[in-house]
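Have a look at the structure below, then the notes.
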Amino acid sequence: MLIDPQWKLQLEQLADMFIKLKPVEIRTLERYAFPKKGGVYAFTTIDQDECVYVGKSGDLRDRVFDVHLNGKGKSSLRDALLGLKKTRKHTPVTTMDELNEYIADNYLLRFYVIEEITLRGCLEDYLNSLLKPIYSVSLSMK
């Protein structure tokens with residue numbers, strides 16, 4: 001399948017910009033300062049050597065802050081870290097309390113608001129194929 005060159009260039013530019021974003025320490029995040037808009041996000045190791053998870057959401061505050069960071073809903077990142085999902089890497093986490101501390105101590109977060117749903121989905125898949133996060137499963141990676 002051929003991809004429109006302008007569309008491909010836009011994805012490449014967005015991905016490059018996203019990767020260059022300064023990551024945020026998870027402990028410094030405040031729920032109400034987090035955008036309640038659609039976007040793409042990625043968790044990386046503290047040393048930024050490895051991307052562990054890439055995702056998208058129509059509501060970054062609810063998905064990232066409430067679900068992934070605080071366990072208020074279904075999170076494939078949390079399931080992977082707890083060993084409830086087959087992954088390429090094992091973590092020493094066994095309880096929810098340990099999990100919250102583990103995420104805050106070991107990961108940084110990048111996020112970018114993208115309201116347009118098709119572009120958001122394409123960028124998530126492109127980042128997954130580019131960064132190969134150990135706990136994400138993108139449609140393009142199957």
Item to check | Those residues that, when tested against Asp66, pass side chain to side chain donor-acceptor pair (under 3.5 Å) (two or more places apart) | outcome: Arg31

Item to check | Leu99 CG to Arg78 CZ distance, which is reported to the nearest 0.5 Å | outcome: 4.0 Å

Checklist entry - How would you list, by chain and number, every residue that makes a salt bridge (charged side-chain N to carboxylate O under 4.0 Å, His left out) with Glu12, sequence neighbours excluded? => result Lys8

Item to check | For Gly121 against Lys56, the heavy-atom pair lying closest together | outcome: CA-CD, 3.6 Å

Next on the checklist: Looking at Leu21, I'd like to know if its CG atom is crowded, meaning that more than 12 non-hydrogen atoms belonging to other residues, nucleotides or ligands lie closer than 6.0 Å.
Outcome noted: yes

Next on the checklist: List the residues meeting side chain to side chain donor-acceptor pair (under 3.5 Å) with Ser76, not counting sequence neighbours, and say none if there are none.
Outcome noted: Tyr53

Checklist outcome for this item: Sorted by chain and residue number, the ring pair (Phe, Tyr, Trp, His ring centres under 6.0 Å) partners of Phe111 (sequence neighbours excluded) come out as Phe34

Item to check | Under the salt bridge (charged side-chain N to carboxylate O under 4.0 Å, His left out) test, residues paired with Lys22 that sit two or more places apart | outcome: none

Next on the checklist: Test of understanding: clusters of I, L, V, M, F, W, Y form through side-chain heavy atoms closer than 4.5 Å, transitively. Do Met17 and Leu119 belong to the same one?
Outcome noted: yes

Checklist entry - Which residues pass the side chain to side chain donor-acceptor pair (under 3.5 Å) test with Lys20, sequence neighbours left out? => result Asp16

Next on the checklist: For a quick test of reading the model, state the closest non-hydrogen atom pair linking Leu60 to Pro35 and the distance between them.
Outcome noted: CB-O, 3.5 Å

Next on the checklist: Going by the rule salt bridge (charged side-chain N to carboxylate O under 4.0 Å, His left out), which residues pair with Glu101 if we only count those two or more places apart in sequence or in a different chain?
Outcome noted: Arg27

Checklist entry - Do any pairs count as a side chain to side chain donor-acceptor pair (under 3.5 Å) and have a residue in residues 108-119, sequence neighbours left out, and if so which ones? => result Gln48-Arg110

Checklist entry - Is there a donor-acceptor pair closer than 3.5 Å between any side-chain N or O of Thr45 and the backbone N or O of Glu50? => result yes

Next on the checklist: So which atom in Val40 and which in Val54 form the shortest heavy-atom distance, rounded to 0.1 Å?
Outcome noted: CG1-CG1, 4.5 Å

Next on the checklist: Once side chain to side chain donor-acceptor pair (under 3.5 Å) is applied, do any residues pair with Ser75, and if so which ones, sequence neighbours excluded?
Outcome noted: His68

Item to check | Thr44 to Cys51 - nearest heavy-atom pair and separation | outcome: CG2-CA, 4.0 Å

Item to check | Non-neighbouring partners of Leu130 that pass side chain to side chain contact (heavy atoms under 4.5 Å, CB included), sequence neighbours left out | outcome: Ala15, Ile19, Tyr126

Checklist entry - Under the salt bridge (charged side-chain N to carboxylate O under 4.0 Å, His left out) test, which residues partner Asp59, sequence neighbours left out? => result Lys36

Next on the checklist: Tell me the closest heavy-atom pair linking Leu109 and Leu29, and the distance in Å.
Outcome noted: CD2-CD1, 3.7 Å

Checklist entry - When Ile, Leu, Val, Met, Phe, Trp and Tyr are grouped by side-chain heavy atoms lying under 4.5 Å apart, directly or through other members, which residues fall in the same group as Ile46? => result Leu108

